[in-house]
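Proteins get letters first, then strands, A, B, ... in listed order; numbering begins at 1 in each. Note that the structure is predicted; figures quoted are calculated from it, not measured.
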There are 2 protein chains.
Amino acid sequence: MPYDPSAFPHFAVTVDLVVLTVRRHALCALAVRRGEPPYPGRWALPGGFVRADEDLAAAAARELEEETGLRAHAPSQPALPNAAHLEQLATYGDPQRDPRMRVVSVAHLALAPDLPAPRAGGDAHSVRWAPVDDLLDQDTAFRHDAEVSAPLAFDHARILADGVERARSKIEYSSLATAFCPQEFTVGELRRVYEAVWGVALDPRNFHRKVTGTPGFLVPTGGTTTRQGGRPAQLFRAGGATVLNPPMLRPEV
Amino acid sequence: MPYDPSAFPHFAVTVDLVVLTVRRHALCALAVRRGEPPYPGRWALPGGFVRADEDLAAAAARELEEETGLRAHAPSQPALPNAAHLEQLATYGDPQRDPRMRVVSVAHLALAPDLPAPRAGGDAHSVRWAPVDDLLDQDTAFRHDAEVSAPLAFDHARILADGVERARSKIEYSSLATAFCPQEFTVGELRRVYEAVWGVALDPRNFHRKVTGTPGFLVPTGGTTTRQGGRPAQLFRAGGATVLNPPMLRPEV
DNA sequence: GATCATAGTCGTCTTCCTGACGATAATCAG
DNA sequence: CTGATTATCGTCAGGAAGACGACTATGATC
């Protein structure tokens, strides 16, 4: 096929990952500390170059596995152990976003259950889960937790904010919140996911009525657990339903 | 800034446009006929290469204006005449999607009011509005309208389908349907937009109650019109509200 | 000019869903 | 045994939506 390679500009293409999980009642994102310029020592989202013969989704899945050990699952394969939800988020291509060269980044959003510990690629201190509120808080100059005292590198604060907003809105009308839970979970655990992602308190009784009354959302496994304390709670798996109609309503204030 | 240009692969980056409008009770998309290989003679979405110093949104706005004369308006400037809603849709980067080379396409979605006629770049026959159902119908071999008898070039059928689905879902919970209307419009005209985009019939009385009862959605201009026949209808402009809560419900079947 | 078709607008009624919240059940820590 | 904690069921009032009747104001037709 004839074409003229000089007839159009060349770009580097990367994938960046917004990997979210819920830890200790807080929505957290995976952050890596940069070792090299630009922005050495600053925290950034994990990511990397797309390879010459690699699809965008494949590149995102590869980066996710390299950083966390998590496998991405396609919508068709819903219940692998250690599998995370992965979807494309948006693409960022401001000409000035990387001082080195023209880079277009295709950001992806991954939602994962709480993991024992982030698997560092090599240096255990170079990757961590950080509460998104800390990462996005611009006014961190006087925080005593120096680990997150500078804003994210590049335009990653913007990307993270977009990913968080996507997650917040998407759990309203889809069953995506179950992606934050282990394979078997209780209604209370699912409720705490909503509470952490939205930053609100939900009425346990109304929440229970809503999720157990939506056909196909939850299927009971028969087991119970007391891992949250209190009365034993029924265990559920995510049902086949992917859309939630009518949606879960996010409280106003 | 030191870097090694051979350390990562180079890509061509394009923007492709899904430009939607409502004409004669049908949801239509802008299609251009390709003159050169690959896929000569086939219909495709408008689009083109991103320039070396151009932001993605700017490239999409430039292509939109080149093809239609429409200006894109940012969310801050809601009511320019001849302005269309423009937003990023998704990015497509399958290594095989263009047989010539590795091309990553950042697709954008534009919603426009019905236009008098598509402004061709040069050849008036090379650009047209086509009903999306015709463009997406794979089984067009025996249609007598030969103009749309072949599937769209590249992966543009997939992109168009994604754009249509985005529009269909987004008018549920936002005031985006007004982007398909002229600056002043009636409740009935707005209802016909929903009916065309969703392909359903809506009850005029319930629709009227819903849209006029949602604060900030519509503001009356004081005028009336009989351009639809029948009793004169009040004219409205789009109000400041961008989200629709509770949403407009799309009928089940 | 009377009649009719068309489109717009206002109400009513029933049903469903939600938010608020009382009450009961089953565990663990002392 | 008592209290704290969490889970689960039930009740009630208010709001929103679907179904649909009724009326209004125009242009078209006879």
From CA spacing to verdict: side-chain contact (heavy atoms from CB on, under 4.5 Å), Trp198(A), Ile171(A) = CA-CA 9 Å; Trp198(A) 284 345; Ile171(A) 64 174; 3.5 Å; yes
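Taking atom CG of residue Leu235(A) and atom P of nucleotide dA26(C), one finds them 17 Å apart after rounding to whole Å. Nucleotide dG15(D) holds its P atom 15 Å from the CG atom of Leu249(A), rounded to whole Å. The distance between atom CD of Gln234(A) and atom C1' of dT6(D), rounded to the nearest whole Å, is 14 Å. As a whole-Å value, the separation of Leu190(A) CG from dT6(D) P is 17 Å. Put simply, OH on Tyr173(B) is 21 Å from C1' on dA17(D), counting in whole angstrom units. Taking atom CZ of residue Phe207(B) and atom C1' of nucleotide dC10(C), one finds them 17 Å apart after rounding to whole Å. Here the C1' atom of nucleotide dG8(C) and the CZ atom of Phe185(B) are 16 Å apart, to the nearest Å.
Between the side chain of Arg209(B) and the base of dG18(D), at least one donor-acceptor pair of N or O atoms lies under 3.5 Å. Judged by distance alone with a 3.5 Å cut-off, no donor-acceptor contact links the side chain of Arg205(A) to the base of dG10(D). Evaluation of atom-type donor-acceptor distances gives a pair under 3.5 Å for the side chain of Arg231(A) against the base of dA7(D).
Take the nearest nucleotide of DNA chain D for Arg250(B) and for Arg192(A): the residue whose nucleotide is more 5' is Arg192(A). Nearest-nucleotide positions on DNA chain D place Glu189(A) closer to the 5' end than the other of Asn206(B) and Glu189(A).
Considering only side-chain N and O atoms, Lys210(A) lies nowhere under 4.0 angstrom from the phosphate OP1 or OP2 of dC17(C). The shortest distance between the side-chain N/O atoms of His208(B) and the OP1/OP2 oxygens of dT9(C) is below 4.0 Å.
Between the side chain of Thr21(A) and the backbone N or O of Cys28(A), no donor-acceptor pair lies under 3.5 Å. A side-chain donor-acceptor contact under 3.5 Å links Arg168(A) to the backbone of Val197(A). Without hydrogens or angle criteria, Glu63(B) side chain to Asp16(B) main chain gives no donor-acceptor distance under 3.5 Å.
Comparing dT8(D), dA17(D), dA7(C) against the side chain of Gln228(B) picks out dA7(C) as the nearest. Taking the side chain of Asp203(A) as heavy atoms from C-beta on, and the options dT9(C), dC17(C), dC21(C), the nearest nucleotide is dC21(C).
Residue contacts for Arg227(B): at a heavy-atom cut-off of 4.0 Å it reaches no nucleic acid atom on any strand shown.
Tyr92(A) and Asp162(A) share a donor-acceptor pair across their side chains, judged by distance under 3.5 Å alone.
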